Visitor: 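Next up is a structure, given as structure tokens.
Letters A, B, ... are given to chains in the order of the sequence lines, protein chains preceding strands, and every chain is numbered from 1. Keep in mind that what you see is a predicted model, and the values were worked out from it rather than measured.
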There are 2 protein chains.
Amino acid sequence: METLSVACEACPVRNKAICAALSGPELSGLRQIRRHQFIPAGQTLVWEGDDAFVVASVTAGVLKLTKSLGDGKEQIVGLAFPADFVGRPFHDKTMSTVTALTDTEVCVFRREDFDNFAREHPELEHKLLERTLAELERAREWMTRLGRKTASEKVSSFVLDISERLSAETCHGSTVLDRFELPFGRQQVADILGLTIETVSRQMTSLKRQGLIGLSGRRTIQILNREGLAKAAES
Amino acid sequence: METLSVACEACPVRNKAICAALSGPELSGLRQIRRHQFIPAGQTLVWEGDDAFVVASVTAGVLKLTKSLGDGKEQIVGLAFPADFVGRPFHDKTMSTVTALTDTEVCVFRREDFDNFAREHPELEHKLLERTLAELERAREWMTRLGRKTASEKVSSFVLDISERLSAETCHGSTVLDRFELPFGRQQVADILGLTIETVSRQMTSLKRQGLIGLSGRRTIQILNREGLAKAAES
DNA sequence: CGCAACATTGAGACATATCAAGGAGAGTGG
DNA sequence: CCACTCTCCTTGATATGTCTCAATGTTGCG
């Protein structure tokens, strides 16, 4: 892994990540304990069950948080986009694996350093709390999808959800992208939705045939009828 | 709803809930904005989608957090035991319904009061952060169960999980209860696991026939072979 | 005791998984 | 620029687990 040197002031997520809580002198305190790091697509930052040595704030790219079951099966339990925070502060075990889906840049902290710093900076902890509460809400929404939706509803709501998250990233006002590239392949969509790759593929094709979405290349999706898709996403 | 008057010092969760962060004068500040309240089984504290007027800390009983889908179906996305915190501070919408499963007692706060108080008491926010991080972890574990486990694995892991949470409550050292009463009926177990009531029933019967658990009455479960049950819970 | 709510059991339908084959993209080397 | 190849995606046929519908059994309360 390669350490990059980027000034916090020039950071693309300066105003959105938890460090937005800090200014001037405090920020440079934080900078002293961080390491800006590049993670190539496919590489894993932390492993499920390991001692949690690090936490990190994402500045570019997308990561997945996964839990693996006895056999080869895995469930993706979270996604981390720029400005999101990964890892569990104040706790010594990591309970999910964090892996880069695309080439990624993160601000990494030794967990212990971060914990100490955070305890002395309530504003930072407050930002982190808000972010964690939002993430919890998202996880619960996701649980509903996993527990009570059909394959077709899962895929529809997934497409809508992702379009919103990717739009938030590019952040041109409140525009929602209607055409975007998925940062992952079919297997990973399946692991997000608790389905098999074949079922995801079939449902994608079905949505395409209904004229709700367009597919080009392997990963590009176009939403042709957002309203109709929203209807298909409801139970 | 009936307002009770219980001194914080005598509170059964005094040392476990987020208010454990406070002592003496700060605690009495918190006491001034709280209302101790009794909620009978079946009654709902807050509704999904409503403006979030209140947050609360549970002192006795069990509550469920649910999300409902278009039709009658619902998914339980969380359980709140004594010392747990419900509601979303610093945010104006409630995204899940909170309902008492058993007779319940909670410390209720107007959200605005709580927010203001919390911002002035970093120790309290810190406790809340730790609790929220733990809850997020639990939600993710639950997602894995919903997405990638079979009905039989779901029920087995559920029984183990509940036995641990109920034991934590009675808190006699590190004893784990082998015989306990579920605070909910079959339909609610189904809503937790993303199954139908019939499937839950069949799996319970099956575990019973395998000699892993014993069932008596409608809600009492006895774990006869914890190790075997753990094996059945893995994928 | 008798009732109402809840739980269990069975038979059949249906959705998704599994197994298996074929097709399209993207990168590589000629 | 085209053939080659590897990986990923799509499609089809069948198997299977869970849901649905329906009936029966049980619990606990008035």
Side-chain angles (χ1 to χ4, degrees), chain A residues 40-42 69-75 101-103 145-159 181-210 213-222 232 235, chain B residues 40-42 69-75 101-103 145-159 181-210 213-222 232 235:
Chain A
L69 292 277
D71 48 4
K73 292 189 291 189
E74 86 175 29
Q75 175 68 44
L101 288 174
T102 63
D103 284 353
R145 196 178 293 165
L146 284 169
R148 289 290 183 219
K149 296 206 175 191
T150 64
S152 151
E153 290 160 0
K154 282 180 179 179
V155 173
S156 305
S157 62
F158 165 77
V159 171
E181 181 161 339
L182 289 178
F184 23 69
R186 292 287 183 274
Q187 182 59 61
Q188 273 143 5
V189 177
D191 289 340
I192 288 171
L193 298 174
L195 296 170
T196 58
I197 187 174
E198 294 95 330
T199 301
V200 172
S201 185
R202 276 186 256 269
Q203 297 303 331
M204 288 279 195
T205 313
S206 162
L207 292 179
K208 181 182 176 181
R209 269 202 277 266
Q210 292 174 253
I213 62 172
L215 300 170
S216 32
R218 291 179 170 183
R219 296 184 166 198
T220 303
I221 293 186
Q222 182 167 16
S235 193
Chain B
L69 292 276
D71 48 3
K73 292 189 291 190
E74 85 174 31
Q75 175 67 45
L101 287 173
T102 63
D103 284 352
R145 195 178 292 165
L146 285 169
R148 289 289 183 221
K149 297 207 173 188
T150 64
S152 152
E153 290 161 0
K154 283 179 178 179
V155 173
S156 305
S157 62
F158 165 77
V159 170
E181 180 161 340
L182 290 177
F184 23 68
R186 291 288 183 273
Q187 181 60 60
Q188 273 143 4
V189 177
D191 290 339
I192 288 171
L193 298 174
L195 296 170
T196 58
I197 188 175
E198 294 95 331
T199 301
V200 172
S201 186
R202 276 186 257 268
Q203 297 304 331
M204 288 277 196
T205 312
S206 162
L207 293 179
K208 181 182 175 182
R209 268 200 279 265
Q210 292 173 251
I213 63 172
L215 300 170
S216 33
R218 291 178 172 182
R219 298 185 166 198
T220 303
I221 294 186
Q222 183 166 16
S235 192

Visitor: Ignoring hydrogens and angles, answer whether the base of C:dA5 and the side-chain atoms of B:Arg218 contain a donor-acceptor pair closer than 3.5 Å.
Guide: yes
Visitor: Where along residues 188-200 of chain A does a heavy atom fall under 4.0 Å from DNA chain C?
Guide: A:Gly194, A:Leu195, A:Thr196, A:Glu198, A:Thr199
Visitor: Using a heavy-atom cut-off of under 4.0 Å over every strand shown, decide if B:Arg186 touches base, sugar-phosphate, or nothing.
Guide: sugar-phosphate
Visitor: Hey, does the side-chain of A:Arg202 have a donor or acceptor N/O within less than 3.5 Å of a partner on the base of D:dG12?
Guide: yes
Visitor: What's the NZ-P distance between B:Lys154 and D:dC19, to the nearest Å?
Guide: 7 Å
Visitor: Keeping B:Thr205 on the side-chain end and B:Ser201 on the backbone end, is there a donor-acceptor pair under 3.5 Å?
Guide: yes
Visitor: What integer distance in Å separates B:Leu215:CG from C:dA7:P?
Guide: 12 Å
Visitor: Per the side-chain hydrogen bond (donor to acceptor under 3.5 Å, both in side chains) rule, which among A:Gln210, A:Arg209, A:Arg202 passes with A:Ser206?
Guide: A:Gln210
Visitor: I need the residues from residues 145-153 of chain A with at least one non-hydrogen atom less than 4.0 Å from DNA chain C; give them sorted by number, or say none.
Guide: A:Thr150, A:Ala151
Visitor: Nearest-Å distance, NZ (B:Lys208) to C1' (C:dT9)?
Guide: 13 Å
Visitor: Can you tell me the distance, in whole Å, between the CG atom of A:Leu182 and the P atom of D:dC8?
Guide: 15 Å
Visitor: Enter the distance from B:Arg148:CZ to A:Asp191:CG here, rounded to the nearest 0.5 Å.
Guide: 5.0 Å
Visitor: Rounded to whole Å, how long is the line connecting atom CD of B:Glu181 with atom P of D:dT27?
Guide: 14 Å
Visitor: Look up atom NZ in B:Lys149 and atom CG in B:Leu193, then write down how far apart they are to the nearest 0.5 Å.
Guide: 10.5 Å
Visitor: Heavy atoms only, 4.0 Å cut-off, all strands: where does A:Ser201 land among base, sugar-phosphate and nothing?
Guide: base
Visitor: Would you mind reading off the distance between A:Gln203 atom CD and D:dG12 atom C1', rounded to a whole angstrom?
Guide: 15 Å
Visitor: Rounded to the nearest angstrom, tell me the gap between atom CD1 in B:Ile213 and atom P in C:dA7.
Guide: 14 Å
Visitor: Using a 3.5 Å distance criterion without hydrogens, assess whether the side chain of B:Gln75 forms a donor-acceptor pair with backbone atoms of B:Ile192.
Guide: yes
Visitor: Does NZ in B:Lys73 sit with more than 12 non-hydrogen atoms of other residues, nucleotides or ligands closer than 6.0 Å?
Guide: yes
Visitor: Could you pull out the closest heavy-atom pair between A:Leu146 and B:Gly147, with the gap in Å?
Guide: CD2-CA, 3.9 Å
Visitor: At what distance, to the nearest 0.5 angstrom, does CG of B:Leu195 lie from NZ of B:Lys154?
Guide: 4.5 Å
Visitor: Do A:Asp103 side-chain atoms and A:Pro40 backbone N/O form a donor-acceptor pair below 3.5 Å?
Guide: no
Visitor: Provide, to the nearest angstrom, the distance between the CZ atom belonging to B:Phe184 and the P atom belonging to C:dC6.
Guide: 15 Å
